Engineer: 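Just dropping this structure here.
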2 protein chains.
Amino acid sequence: MATIRDVAKRAGVSVATVSRVLNQNGYVNEETERRVRQAMKELNYKPNEVARALFKKTSKTVGLIVPDITNPFFPELVRAVEDVMNIYDYTVILCNSDEKVEKEREYIEVLKQKYVDGVILTTNQLAPEEVEEWDVPIVVLDRPLHERYPSVVADNYEGARLATRHLYEVGCRRIAHIQGPNHVVNAMERFRGYQDEMRALGLGDRQLVIQGNYQLKQAKEAVMAALAEHDMDGIFAGNDAMAVGALKAVQQCGLRVPDDIAIIGYDGIPLTEMTTPELSTVSQPIYEMGAMAARILIKQIEGKPLEKLHYQLPVQLMVRQSTSRRKTT
Amino acid sequence: MATIRDVAKRAGVSVATVSRVLNQNGYVNEETERRVRQAMKELNYKPNEVARALFKKTSKTVGLIVPDITNPFFPELVRAVEDVMNIYDYTVILCNSDEKVEKEREYIEVLKQKYVDGVILTTNQLAPEEVEEWDVPIVVLDRPLHERYPSVVADNYEGARLATRHLYEVGCRRIAHIQGPNHVVNAMERFRGYQDEMRALGLGDRQLVIQGNYQLKQAKEAVMAALAEHDMDGIFAGNDAMAVGALKAVQQCGLRVPDDIAIIGYDGIPLTEMTTPELSTVSQPIYEMGAMAARILIKQIEGKPLEKLHYQLPVQLMVRQSTSRRKTT
DNA sequence: TGTCTATGTGTAACCGGTTACACATAGTAT
DNA sequence: ATACTATGTGTAACCGGTTACACATAGACA
């Protein structure tokens, strides 16, 4: 690979001049610039980003820490981040934390050593104090961390109320909620939305909460068990995977969806359109969330002011077959 | 951040000595080493990977180019690569190429400028000649590129024969194949497997090929159209997404799966266990493929010899509800 | 006693860029 | 004519590591 000195020699100028041409700063004579560009082309010169990073303390690279890319919620998010970063000539280092603080810390350490310009973080685990001393710009995605850090989340509370009300409106009166893990903030917000809406609908004392962990299998079993003991005609699952679990459980018990039990999920991952019946869900603007987080991070990196620190995006009720039945109200 | 010079000063030694301690090479007195380590701890010193990369021309970073992380085949693959790389202290830059040569080329260029130590490539588009001059170690994943480059693929041909034979064995005689895109090598191999097996079964003249593009929607429509014109009792889809499309089309036409038409997919993505009925499929060892590609890349980077250049992993027939019917043979 | 080798440490060049500073020239305002 | 400014270019230090080389010391061996 040719270096800047090779180019300088060939063009008969100093490295400083080549650097000026490269970075479009300082004064360079038109004719000189022409010669330099010619030399670059002839040598197929590409500046060494590592050398540049060393001096500038910036690497045109960002870190993206997600719990697990294998979780169907994240690929679209990751894709969005990558797309936006790509436009601005940033490169994305992907990290899977499995929600473990330890791994998160390690990754942050490595990312700092590699001079990443910023980090997008999806976590529940990290205590805000820990983040205090990282001098890298951070944007928190999907799950809020602390006031101080810019965040992009969807409106979990409203979404949950929307879903619960929707079940009510298609005639459900005994509406169960499959709750996500306790340590996950968005799961708790959705749970709160369910509770408040149930009360608002005058069904406060008919609440039925099934404990889930955001996984299909566990949800399926929990719903099987719940079906044996309780009467229900609607299920609001804390995420789509659990909604599929519920769907399977209900069908396996010989009940029909939506006629006997209506089901609605949460997230709006592609999977919801692939089941039979197709799943109603509360759709989060996943791509938009990722893209926005990326744009905010870039603004931070470039030192531009943010209009807002916390962005909450609206969610959308997607009515599909799993809740489409004659209203019995 | 403390630098190596800070550490040297604090420990009362030269930077060379600190570097020796850091890299465990050269002679260092035990007592000196103790002092240096002490100083490192006190200053919370972490070596700057960028400076190191500049001198060593290696960055403990690899590039991973996939067509689209949003395609459900890839998250698990990516996860596997990341897991293995993490063990060996490498970091992964994720790139989505959308199968476009242009994007692939750009990414490779950027990756080289960032001194990545190697690249794992999933592509059909790139001509082997283009790769010729890249001096970075490359491993080709899922789709073979050229003899010269190490590759990890699953046995598409055998898998396709397996799937076709399985449909035959559960009683199907008019077996259709939904073919993947023409430019994708593995789609062609699966197609070939279907053809050969059909002939071997004495059904050579009963072949029915439906053109798909690996997408659910398009496959669904193509199958709808095909159902109107042709008689069939089994469908072997070139991938799982198209199998779901077929499933939907068949159900929408009022036919039963598997009783009227049995369906089998290909890939073994998690989705296949989420449909009703659950989809039979030919399962590729996706995680293992990713992990193996990662291990091979590391061997290459470290200059260790490879036992083999081309690895072909076996696939596994997963019989589920969508092909479970009484045999009519 | 002289030579050789193993051990231990420091100096400074190097990786490939960026940029502060010095210096030169030409044009312009006074 | 003088001073000042805008333009144009080069030298060398710097970013934070690594390592070739020089040098010093001590013990072993002839």
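Given the structure is predicted, the values throughout are model-derived calculations rather than measurements. Each chain gets a letter, A, B and so on, in the order its sequence line appears, and its residues count up from 1.
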Engineer: Tell me the interatomic distance from A:Y115, atom OH, to C:dG17, atom P, rounded to whole angstroms.
Structural biologist: 17 Å

Engineer: Calculate the interatomic distance between A:R20 atom CZ and C:dA20 atom P; express it in whole Å.
Structural biologist: 10 Å

Engineer: Among the nucleotides C:dT19, C:dT11, C:dT7, which one has an atom lying closest to any side-chain atom of A:S19?
Structural biologist: C:dT19

Engineer: Starting from C1' on C:dG16, measure out to NZ on B:K112 and report it in whole angstrom.
Structural biologist: 16 Å

Engineer: OP1, OP2 of C:dG10 versus side-chain N and O of B:S14: anything below 4.0 Å?
Structural biologist: yes

Engineer: Side chains of A:E104 and A:T123 only: does a donor on one sit below 3.5 Å from an acceptor on the other?
Structural biologist: yes

Engineer: Quickly work out the A:F55 CZ to D:dA12 C1' distance and round it to whole Å.
Structural biologist: 12 Å

Engineer: Less than 3.5 Å between a donor and an acceptor, one on the side chain of B:R52 and one on the base of D:dG16, is that the case here?
Structural biologist: no

Engineer: If you draw the axis of the six-membered ring of B:F55, does the NZ or CZ of B:K57 fall within 45° of it and under 6.0 Å from the ring centre?
Structural biologist: no

Engineer: Is there a donor-acceptor contact under 3.5 Å from the side chain of A:D6 to the main chain of A:A2?
Structural biologist: no

Engineer: Check the distance between D:dA13's P and A:L54's CG and give it to me in whole angstrom.
Structural biologist: 17 Å

Engineer: Is A:R105 salt-bridged to A:E102, cutoff N-O under 4.0 Å?
Structural biologist: yes

Engineer: B:I4 CD1 to C:dT9 C1': how many Å, rounded?
Structural biologist: 14 Å

Engineer: Over how many whole Å does the gap from A:D6 atom CG to C:dG17 atom C1' extend?
Structural biologist: 13 Å

Engineer: Looking at B:N23, does any N or O in its side chain come under 4.0 Å of the phosphate oxygens OP1/OP2 on D:dT18?
Structural biologist: yes

